[in-house]
Amino acid sequence: MNRSPDPVAPVPATGPHAESAERAPYADGFRTVHLFDLVVDLDPPLSVGRGLYGRRVVFGAAGGTFRGPRLHGEVLPGGGDWALFGPDGTMTLDVRLTLRTHDAALLHMSYGGRLVMPPAVRDTLGDPAGRHRVDPADYYFRTNPLFETGAERYAWLNGTVGVGSGHFVEGGVAYRVSEVL
């Protein structure tokens, strides 16, 4: 699903701050390195209903795992996604998870993001029994993880900004998470 003809082309600055924006250096693209792959097992969804900003659904985290070159471990139950569905079917993520590393450190992971579901796959993606069968190329599922920990050996995560690409798996969701360098 191609969302933009040239996603790294600079956009000319306009408005009252155009001059200072012209002096700001561009990040000429972003470099990333693989941080980990994450699978989150989900509890049955809880529909809060339609509110002021859209339809709210809570997807509780029942557990899961993560594995990467510098850290691995498990997703603890109790977190989840307080998702908001807009009128066009786009889901805005509001996720908080607790990860426990293989050496017992606790990491708080939070992320927002977007799941854009074209009309052709929207009904199938809304069905927990069948959504994992939809090709991830048929929808847009991206996240921006941040981390917090008091564990000294993982303190480097406190200054890390991540990007993630998601897809559905049977019983949950999976992400490839990268660190933005």
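Hydrogens, waters and symmetry mates play no part in the numbers below; they use all other heavy atoms, side chains included.
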Worked verdict on Val163 versus Val177 for side-chain contact (heavy atoms from CB on, under 4.5 Å): CA-CA 6 Å; Val163 293; Val177 177; over 6 Å; no
Side-chain H-bond candidate by donor/acceptor type, Ser165 with Arg142, under 3.5 Å: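 Looking only at side-chain atoms, Arg142 and Ser165 do form a donor-acceptor pair, the distance falling under 3.5 Å.
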Pair Asp103-Tyr154, side-chain donor/acceptor within less than 3.5 Å: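 Yes, a side-chain donor-acceptor pair sits under 3.5 Å.
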Looking only at atom types and distance, does a side-chain atom of [X] sit under 3.5 Å from a main-chain N or O of [Y], one as donor and one as acceptor?
X	Y	value
Thr149	Ala151	yes
Asp81	Leu93	no
Arg56	Trp82	yes
Arg122	Met117	yes

For [X] versus [Y], what's the shortest heavy-atom pair and its separation?
X	Y	answer
Ala174	Val39	CB-CG2, 4.1 Å
Gly126	Pro128	O-CD, 3.3 Å
Val57	Pro45	CG1-CB, 3.7 Å
Gly68	His34	CA-CE1, 4.4 Å

Cation-pi geometry met for Arg67 and Phe36 (6.0 Å, 45°):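 The answer is no; the distance or angle limit is not met.
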Are [X] and [Y] linked, directly or through other ILVMFWY residues, by side chains that come within less than 4.5 angstrom of each other?
X	Y	result
Val48	Leu52	no
Val134	Phe59	yes
Val169	Tyr140	no
Leu99	Leu71	yes
Met109	Trp156	yes

Criterion side-chain contact (heavy atoms from CB on, under 4.5 Å) on Asp94 and Leu84, from CA distance to verdict: CA-CA 8 Å; Asp94 178 10; Leu84 186 65; over 6 Å; no
salt_bridge(Arg96, Glu148) N-O dist < 4.0 Å: no
Side-chain ion pair, Arg176 and Asp37, N-O less than 4.0 Å: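 Answer for the salt bridge query: yes.
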Glu170 atom CD, over 12 foreign heavy atoms within 6.0 Å: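 It does not: Glu170 CD has 12 such atoms or fewer within range.
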Ring centroid separation Tyr175 to Phe141 under 6.0 Å: yes
Audit row: Thr101, Phe66, side-chain contact (heavy atoms from CB on, under 4.5 Å) steps and yes/no: CA-CA 9 Å; Thr101 63; Phe66 65 98; 4.2 Å; yes
Derivation and outcome, side-chain contact (heavy atoms from CB on, under 4.5 Å), residues Leu35 and Arg70: CA-CA 7 Å; Leu35 192 55; Arg70 294 190 284 172; 3.9 Å; yes
